Amino acid sequence: MTKNVALVTGGVGGIGTAISKALARDGYRLVANYLVPGSEARWLQEMREAGHAQCTAWAGDVADFDAMGRMVQEIERELGPIAVLVNCAGITRDAQLHKMSKADWDLVINVNLNSVFNVTRHVIGGMIARNCGRIVNIASINAQKGQFGQTNYAAAKSGMYGFTKSLAQEVVKHGITVNAISPGYVGTDLVMGIRADVREKILSQIPMGRFARPEEIAHLVSYLASEQAAFVTGANYAINGGQHMC
Ligand code: CAA
């Protein structure tokens, strides 16, 4: 039986695709939001090959509040109520602060943090009215420990923790859960794009001796979206191969 809609922002990216597949497998009518025109074609093909032909890709800039309002309205009108929201869209513009441009600061804050407000704000009213919902925010190990070259990214991702815990308190009485996941370094294009010598150094700091597989993050999202996770809210799950323990 097809459940309600699950919306994954940045759903066609490295981690996003694995999350999309996991939620589609769980029976949700999966919608992956994406930004770059054309990036959805390969994703749609991959989803079809994985047996998830019902999935939909939806264009829209998560940094644009009004565009997200229109997107949520259209999805709910055409496919039904959004039961699960995964805020996964994210980018990096790494540079030491003394070299960082204002544009790269603003872009990372807008895409990685303001986006969480821009999408969730439009979804939360429906969830409250229906007295159910699951929200999962994809943060980062670097929000927990900080990272040389990532003042913008770490600030945005750790902002997600305050958002998660505050919203969790506001909506708990409506049976809605809000949680965060903090992945370590996952073997996606984002991480493989780090300069080779820097990447090797990072790898040497991971006790597990490898980068995470996107599916390992997706399994945790699947659990947090499930009925079995009804008592879990306001939590943050580290999943980093032992690189950072707190
Ligand atoms: N700690 C302390 N010092 C460091 C350092 C570190 N981690 N990394 C570099 N340095 C020092 C270098 O030793 C060097 O010192 P000297 O000038 O004295 O020799 C100096 O800083 C300059 O180093 P770089 O050549 O690396 O500086 P750069 O300006 O060319 O590049 C950078 C800076 C772009 C930030 C580069 O270091 C980098 O790409 N770092 C990786 C950042 C990172 O981990 N990003 C994560 C991306 S993936 C992601 O974000 C997903 C997720 O959630 C995990």
Side-chain angles (χ1 to χ4, degrees), residues 8-20 22 32-36 39 62-63 86-116 119 135-164 179-221 224 235-246:
V8 182
T9 70
V12 309
I15 299 177
T17 300
I19 294 172
S20 294
N33 149 269
Y34 68 97
L35 177 64
V36 182
S39 62
V62 291
V86 183
N87 287 306
C88 182
I91 56 164
T92 56
R93 289 294 181 274
D94 295 353
Q96 296 181 57
L97 186 71
H98 70 92
K99 297 182 194 168
M100 188 179 290
S101 68
K102 168 94 165 73
D104 280 351
W105 171 268
D106 288 342
L107 185 65
V108 169
I109 298 294
N110 280 331
V111 174
N112 295 10
L113 180 60
N114 289 339
S115 61
V116 178
V119 184
I135 298 170
V136 182
N137 296 321
I138 307 299
S140 166
I141 183 177
N142 292 342
Q144 298 177 294
K145 70 171 186 57
Q147 171 60 40
F148 186 101
Q150 286 203 310
T151 49
N152 50 3
Y153 185 87
K157 291 292 188 180
S158 59
M160 279 184 169
Y161 298 147
F163 181 96
T164 299
N179 292 290
I181 295 178
S182 296
Y185 285 76
V186 184
T188 60
D189 291 348
L190 188 70
V191 168
M192 300 323 276
I194 300 173
R195 220 174 62 206
D197 59 319
V198 177
R199 199 175 63 235
E200 281 310 309
K201 200 167 148 208
I202 292 167
L203 188 57
S204 73
Q205 292 161 355
I206 305 174
M208 204 72 78
R210 65 171 175 85
F211 295 123
R213 289 185 274 273
E215 295 72 25
E216 291 170 322
I217 314 304
H219 279 300
L220 189 47
V221 174
L224 290 173
N236 174 36
Y237 285 80
I239 172 163
N240 62 38
Q243 190 183 354
H244 181 70
M245 303 180 189
C246 60

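Atoms within each ligand, like the ligands themselves, are counted from 1 in listed order. The structure presented is a predicted model; accordingly, all values stated were derived computationally and were not measured.
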Taking 4.0 angstrom as the limit, do Lys201 and Asp197 come out as a salt bridge?
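Salt bridge between Lys201 and Asp197, a charged N being under 4.0 Å from a carboxylate O: no.
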Contact residues of ligand 1 with a heavy-atom cut-off of under 4.0 Å?
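Close residues (ligand 1, cut-off 4.0 Å): Thr92, Asp94, Gln96, Lys99, Ser140, Asn142, Gln147, Phe148, Gly149, Gln150, Tyr153, Gly184, Tyr185, Leu190, Val191, Ile194, Arg195, Val198, Ile202.
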Sequence neighbours excluded, which residues qualify as salt bridge (charged side-chain N to carboxylate O under 4.0 Å, His left out) partners of [X]?
| X | result |
| --- | --- |
| Asp189 | none |
| Arg213 | Glu216 |
| Lys99 | none |

Is a donor from one side chain sitting under 3.5 angstrom from an acceptor on the other, for Ser182 and Tyr161?
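Short answer, yes.
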Verify whether one side chain among Asn142 and Tyr185 offers a donor that lies under 3.5 Å from an acceptor in the other.
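Yes, because at least one side-chain N or O of Asn142 sits under 3.5 Å from a partner of the opposite role on Tyr185.
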